[in-house]
Amino acid sequence: MAQYYAEFDASGNILGFYNDDVWDVDKIPSMVVPITEEQWKDAVSEQGKYVVQNGEFCVPTEDQRKKWLAIQQLYPTAVRMVDFVVQDDLDGKGAYIAQWNLDAPKPTDEELQAALEPMQPKESVDSIEQKKAEKLRYLDKCCSQAITGTFLSSAVGEMHEYSYDLEAQINMHSLKELFATDPALKETKWNTRDAGVIVHTKDQFSRLWTDGMMHKIAQLDKLRFLESKLQAANSSSEIEQIKWN
């Protein structure tokens, strides 16, 4: 079975590939690392996907690549893996400068981010507005689903879960009007999601109706708040960060 090798330069960039079925071992360059046939096929099909870091043939994270670009934007003559090493421990904290061999001060994360900004493609106003419209439709849908879901109320003394779908809203409104117009009506049976049908007195039902309305108002307030954030957003990344939950 052939052994494959990847040749790399001082920065860890892949220069070429060799295998000992085709090449004499003494003609294979010294700056190589052994790789599997599967890695070789993958690297050939996706040029630039792999690099060599700390002697390992690997795929750098997107955060590593961004920090490489930012450092080389600030220090064009800096050589990756020689003058600096950017590492990502895959612990959720992102990439960081693990080694810094330049005489210049090591840049902060804020300085790296600032260096990247001029390199980002500018988004058109039309593109931003389209994404805002899509996000607004998403928020409207989430708000509607939240309102017509369930809400909690302690109207009868202990907490219960109640449906607030359109049918429940119509029935609650009708029953509230009936209580207001029929003094003889003192109580009603109402279904809960967690304890079945429970008898509610007139006052308890009034509290339940109020809790339902407060639930609805809270979702609408949330929608208005997110809409204001959406209106102020100026980029796709800002729009993407706006979520219902």
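Just so you know, residue 1 is the first one in the sequence shown, and it goes up from there. On a predicted model such as this, the values are computed, not experimentally measured, just so you know.
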Any side-chain hydrogen bond (donor to acceptor under 3.5 Å, both in side chains) involving residues 68-79? Give me the pairs, sequence neighbours left out, ordered by first then second residue. none
side-chain hydrogen bond (donor to acceptor under 3.5 Å, both in side chains) contacts in which one or both residues fall within residues 14-35, not counting sequence neighbours: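 Every pair satisfying side-chain hydrogen bond (donor to acceptor under 3.5 Å, both in side chains) with a residue in residues 14-35: Glu7-Tyr18.
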Taking the side chain as everything from C-beta on, heavy atoms only, tell me whether Thr150 gets closer than 4.5 Å to Asp165.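 Answer no - side chains too far apart.
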Please enumerate all residues that pass salt bridge (charged side-chain N to carboxylate O under 4.0 Å, His left out) together with [X], with sequence neighbours excluded.
{"X": "Arg207", "value": "Asp211"}
{"X": "Glu62", "value": "none"}
{"X": "Asp140", "value": "none"}
{"X": "Glu38", "value": "none"}

Pairs in or reaching into [range]: which pass salt bridge (Lys or Arg N to Asp or Glu O under 4.0 Å), with residues at least two apart or in two chains?
{"range": "residues 82-109", "result": "none"}
{"range": "residues 222-233", "result": "Asp221-Arg224"}
{"range": "residues 236-245", "result": "Glu240-Lys243"}

Could you name each residue pair satisfying ring pair (Phe, Tyr, Trp, His ring centres under 6.0 Å) that touches residues 132-161, not counting sequence neighbours? Phe151-Tyr162, Phe151-Tyr164, Phe151-His215
Remaining members of hydrophobic cluster (4.5 Å side-chain criterion), Val82: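 Val79, listed by chain and number.
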Going by side-chain heavy atoms closer than 4.5 Å, which hydrophobic residues are tied to Phe57, directly or by a chain of links?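 Members other than Phe57 - counting any ILVMFWY side chain reachable under 4.5 Å - are Tyr4, Phe8, Ile14, Phe17, Met31, Val33, Ile35, Trp40, Val44, Tyr50, Val52, Val59.
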